Amino acid sequence: MLHKRLIATAALAALGTIATLAGNPAFAQVKIGVVTSSTGPVSLVGIPQKNTVPLLPAKAGDLKIEYISLDDASDPTKSVTEVKKLISEYNVDAIIGPSGSPNAMGVISFVAEAGVPMLAPVGTAAVVLPMTEQKKWVFKTTQNDDLIAGALVAQMVKTKVKTVGFITINDPFGENWAKVFGELAARNNIKIVANERYQRTDTSVTAQTLKILAANPDAVLVAAPGAAPVLPQTTLYDQGYKGKMYQTHGAALPAFLQLGKNKVEGTILAASLMLVLPEIPDSNPSKKVAIDYIEAYKKLYNAVPATFGANVYDAGLLLEKAIPVAAKKAKPGSKEFRAALRDALENTKEVVGTQGVYNMSAADHSGFDERGRELITVKGGNWALLKP
Amino acid sequence: MNLQIVALLGQDGITNGAIYALLALSIVLVFTVTRILLIPQGEFVSFGALTMGMMQNGQPLTVAWLLVALCLGACAFDLYDMWRTSRRRPSLWLPAKLVYAAVVAGVALNLNFSTMPMLAQIVMTLLLLVPMGPLMYRMAFQPIASASPLVLLIVSIAVHVALVGVALLVFGPEGARTAPFTDASLELGSLRFSSQALWVICVSLLLIVGLFLMFERTLYGKALRAAALNRMGARLMGISPVFAGKAMFLLASLIGVMSGVLIAPITTIYYDSGFLISLKGFVGSIIGGLVSYPVAAIGALTIGLIESFSTFWASAYKEIIVFVLIIPILLWRSLSTRHVEEEE
């Protein structure tokens, strides 16, 4: 009996060794983990991101890339579990994701501890600012709020807006906008005469908009992501507000046009060039990349991707450039390779993405400049470039 | 803050409060008859609103498959019960359910409702969604009808969670918003009332009066009240608790879907919006001690008004203000009512 068991154990052990060897193939292979929220409340953002995974580059230099895509169900706790799983079980070299800002904030310490670079396609600038020892491992493939706010405030100054009513969603996205916009407005002598909050699931924002109306501002800025920015604007429209309406890049979605219909006509927002691609001059380097992405996505899903998907696509492009650089220093799968990958990402120069050009530095892990935003307006129920 | 703002806030509060009142009523209805706290009540609201939205956007009404699935499920339960109790003669309800599901699903999936008049859209929404109530009761609650309220509550929560998931699958994460019933608006001096708000208030009043008449004047209503007051006694008088339960769920889903249809033009409803709305209706019904209809309705209206005014003063703390208010009310209730042990 004992012998039999010993033999069985030995056989199993041998098999195990072979399996481990097989899992470590002779040709080098890079493993990238992707965590998206393809179910749950953030899925409006997460679904196009998950759908983008098959479009990501399959090779970087002469290294093959394997993607492991997991769903965190929009739950920040589950994001942590999935990220830990990717690091310890799959031994990934880098992580793309998670989709939601709170989810990304929650996993920073874990990726930093494991020394795995993470490319977060999230809105909040807080994942890379202010730069700390932990956030060194995090890169962000969306425009920072201050870049968007800067464009909006510049437009307000140009059109002589003196007073602004501000309404934003009651979460980290909204808090960061309140901070960024408040500072920029104060610097440009624009007075915020009403500062209101609301929830995504609110059935009525009448009380907040009444307060804004009572203050009678020249313009109103709504800051919220997804389909949420529609309600304050339509309520203001119904109450007869005649001033200018501003939105952030959070509204840059088909749902905004569809839900708002004629009530959002003339809204001004700053967002990625993807919305107004046909109007962008061919000289813009991102135009070609964006068209390629949209075409590939359309071919696969028969639908136009939201900009959120493009943020994951850009993460793929950044990795494609950085992996060969890092591969010169160490072998994929090792701690040294991941550190080299982080350094390579931080030294990204002039990488053209779908929504702008990335120039990373030790202080700036988002890397966008003015080429990463366009002033857009709603014209005839569609997005249009705002002509200066 | 001038008189005009007070009037507008009042209008907003009453409009929302009317919906909360409807939901509070149906939560009380269901609880008194079946001892089930109907957590999924809010899902009827979001399903109603989102189905209307799908129709008006000309999207295929995939929610019809949910009705088919629920009908098939309920029939499977019926057949299992027949086999277990060795009853040979099938009830007529079984084929009737299947025919109903097939006809309604066939109509829903093959016609384009986006060009039809609003009334046809509303009727179709009701036909599709209202049967979900009794079917849900058949599958989730009837087999455990005699279980303790705690077990019923746990199942109720499970049904809620499942329905939210189904809603995401069927309707997607985008919200929906529908066209108002009528475009007119009423001008009273410097005040402007949107016609939809008036619709909400009028239909809510009609439903409340209709429920009152049904419970006071009809035999079925009286039978259901009897079942609510004393379940054992009602059963001895030949009132079937299964029928009472199904009837209550039918009413609850009718009220819920109607509420969803009513508020869809005012706001954006998401697949997960229902819970917060029904939670406020629930607070209203708690104020009524889960037994009193008029107190529950007044409580829900008060919640709507408090919500509206507290939002005006401190929008960031609105939800906290509304829910913190439950504490003194619960305190008052527990101090003022005599505790009676529930007999099991």
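The model shown is predicted, which means the values in this text are computed figures rather than measured ones.
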Donor-acceptor under 3.5 Å (B:Q41 side chain, B:I27 main chain):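 Pair absent, no side-chain N/O of B:Q41 close to backbone of B:I27.
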
Looking only at heavy atoms, which two atoms of [X] and [Y] are closest? And how far apart?
X	Y	value
A:I169	A:P225	CG2-CD, 4.0 Å
A:F166	A:A223	CE1-CB, 4.0 Å
B:E319	B:K280	OE1-NZ, 3.1 Å

Could you give me the CA-CA distance, side-chain angles and deciding distance for A:D238 and A:K263, then say whether salt bridge (Lys or Arg N to Asp or Glu O under 4.0 Å) is met? CA-CA 8 Å; A:D238 288 338; A:K263 294 180 182 175; 3.1 Å; yes

Largest heavy-atom contact set with chain B, pairs under 4.5 Å, which of [options]:
options	value
A:L213, A:L253, A:D202	A:D202
A:T209, A:I47, A:N170	A:N170
A:A255, A:A214, A:A228	A:A228

Honestly, is A:K211 close enough over B:F312, meaning NZ or CZ under 6.0 Å from the six-membered ring centre and within 45° of the axis?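 So A:K211 does make the cation-pi contact.
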
Between [options], which residue shows the highest count of heavy-atom pairs closer than 4.5 Å to chain A?
options	value
B:I19, B:N57, B:V164	B:N57
B:S310, B:A316, B:S273	B:A316
B:L168, B:L169, B:I266, B:T268	B:L168

Does any heavy atom of chain A fall under 4.5 Å from the side chain of B:Y271, the backbone, both, or neither of them?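 The answer is the side chain of B:Y271.
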
